[in-house]
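To find a chain, count down the sequence lines: A is the first, B the second, and so on, and within it residues start at 1.
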Number of protein chains: 2
Amino acid sequence: MSIKMAKLQKSIDKRNALIKATIELVNNNGFHATPMSKIAKMANVSPATIYLYFENKQDLVNQTYIEVKTEYTKYAFATYEQSMSVEAGFKLIWNRIADFKLKECEHAMFLAQCDNSPMIDEDSRNEGIKHLQPLLDLWARGKAEGIIKPLSDYLLYAYAINPLSFLMITQKRGAFKLDKTHLEEAYQSAWSSIKVCE
Amino acid sequence: MSIKMAKLQKSIDKRNALIKATIELVNNNGFHATPMSKIAKMANVSPATIYLYFENKQDLVNQTYIEVKTEYTKYAFATYEQSMSVEAGFKLIWNRIADFKLKECEHAMFLAQCDNSPMIDEDSRNEGIKHLQPLLDLWARGKAEGIIKPLSDYLLYAYAINPLSFLMITQKRGAFKLDKTHLEEAYQSAWSSIKVCE
DNA sequence: TATATAAAAGTGAACGTTCATTCTTTTTTT
DNA sequence: AAAAAAAGAATGAACGTTCACTTTTATATA
């Protein structure tokens, strides 16, 4: 048993190393400018070994996307509970997302690049969208309670969440620094744009 | 003279055809999955001819980016005048941008993909940013008049303009339809998030 | 427990293909 | 006729993937 565990552990390490290398290289060079040979080298593995874990290059990047997206949404909703008020829930989730995008910047950039290019299969993309359900449910509740504007989820997402991606990427390019004050301001803008005005 | 004009005209036509083909193919397949041979074929030109107009593939995509970005900002500011009030000016520019993103969807998608991947040289990216100056000036005026929140331009852009990219891409993927009502709502959200509350 | 055998994991080199770019030739323009 | 523009074929490099082989691990047998 413990022997089998050790063996399995080893394999997962290699898979993780491959996914990590994929994220880093795709971030810096883009999908098609990232050869399998480089991914293998960075993961300290033979190119052929990649094909023991993934069907092909497309499968590797699809799986990487879903893995990172899952990690992202898990983090976003980790401390959220349905018993919270709409405003408190939204503030919490928003801050967790902001937190993730700043702390796990590399992962967030990878997601952004995938979301804005034809790099990912549509199936994998749809798979990734599902994970946002708790936020959509929260918004539905907010609309029912008359706290959140009765807009389509796409509009709410565009104004409440997506701007964080832009800010994170812009900051990563060195244009400016996102500090605590900026984040508080950003949250106020986000909330202003989706809350019902009194 | 008229012959020379005709000749020059012909050349520009070829250049335009190449840029048009680049946009379409890169939109559908991504930069590195778009071979020069296909660009040539779509533009009805020999692969070798591309190199009469562009140094290499990178130069082709850089020039395409700058050309589209210029067209975009020209459209955005075409009817704007400095004599307008801040609110009227912003509303006008915002609507022109929305208009462009919906009407020239292919071009807007190309810009979005460039802006979110390492496909474009940093120099070309910076070149593209400059064109937004009139909007930044408007915001500066708005802040001075106490109409617009005293936020960094990056924050204002993230909440007022960037969401349109997300909406355009999402609509293009067929997730929903951006009609007049949606656009009016989107504008209200944009304005809510950057205006000073009374 | 020690050894033999089978299976699984891992590898480096090689293959066939594709690609950006260049070379040589042909066509068009002046 | 000279020069410029365009074409198509050619080239060398790079890539994703596969292949034949080795090493490691697990299982069975004695």
*Nearest-Å distance for atom pair NZ/C1', residues B:K14 and D:dA4*: 12 Å

*asked:* What is the distance, to the nearest angstrom, from the CG atom on A:N44 to the C1' atom on C:dG12?
replied: 15 Å

*Look at the aromatic rings of A:Y187 and A:W94 and report parallel, tilted or perpendicular, splitting at 30° and 60°.*
perpendicular

*Roughly, in whole Å, what's the span from CD1 in B:I50 to C1' in D:dA5?*
15 Å

*Taking atom P of D:dC15 as reference, at what distance in whole Å does atom NE2 of B:H32 sit?*
11 Å

*Side-chain donor or acceptor of B:D99 paired with backbone N/O of B:N95 under 3.5 Å*: no

Below 3.5 Å is the cut-off: list the nitrogen or oxygen pairs between protein and nucleotides 8-14 of chain D, distance only.
residue	atom	partner	partner atom	Å
D:dG8	N7	B:S46	OG	2.9

*Between D:dT17, C:dA9, C:dA20, which nucleotide has the shortest distance from any of its atoms to the side chain of A:M36?*
D:dT17

*Would a 4.5 Å heavy-atom cut-off, applied to side chains only, mark B:L151 and B:W139 as touching?*
no

*Parallel, tilted or perpendicular for A:F100 and A:Y75, by the 30°/60° rule?*
tilted

*In chain order, what residues pass the side chain to side chain contact (heavy atoms under 4.5 Å, CB included) check against A:N16, with sequence neighbours excluded?*
A:I12, A:E67

*Of B:Y51, B:Y53, B:F54, which meets side chain to side chain contact (heavy atoms under 4.5 Å, CB included) against B:L60?*
B:F54

*Write down the distance between CG (B:L52) and P (C:dC23), rounded to a whole number of angstrom.*
14 Å

*Output yes when A:D13 and A:K20 qualify as a salt bridge under the 4.0 Å nitrogen-oxygen rule, no when they do not.*
no

_Does A:K195 form a salt bridge (Lys or Arg N to Asp or Glu O under 4.0 Å) with A:E87? I'd like the steps, not just the answer._
CA-CA 9 Å; A:K195 75 155 193 271; A:E87 184 166 356; over 6 Å; no

*asked:* If you compare every side-chain N and O of B:Y53 against the phosphate oxygens of D:dA6 (OP1, OP2), does one of them come in below 4.0 Å?
replied: yes

*Please state how far atom CG in B:L25 lies from atom C1' in C:dC19, giving the value in whole angstrom units.*
15 Å

*To the nearest angstrom, how far is B:D13 atom CG from D:dA5 atom C1'?*
15 Å

*How many Å lie between CZ on B:R15 and P on D:dA5, as a whole number?*
15 Å

*Of all of residues 54-65 of chain B, which get a heavy atom below 4.0 angstrom from DNA chain C, listed by number?*
B:N56, B:K57

*Polar side-chain atom of B:N162 near backbone of B:Y157 as donor-acceptor pair, under 3.5 Å*: no

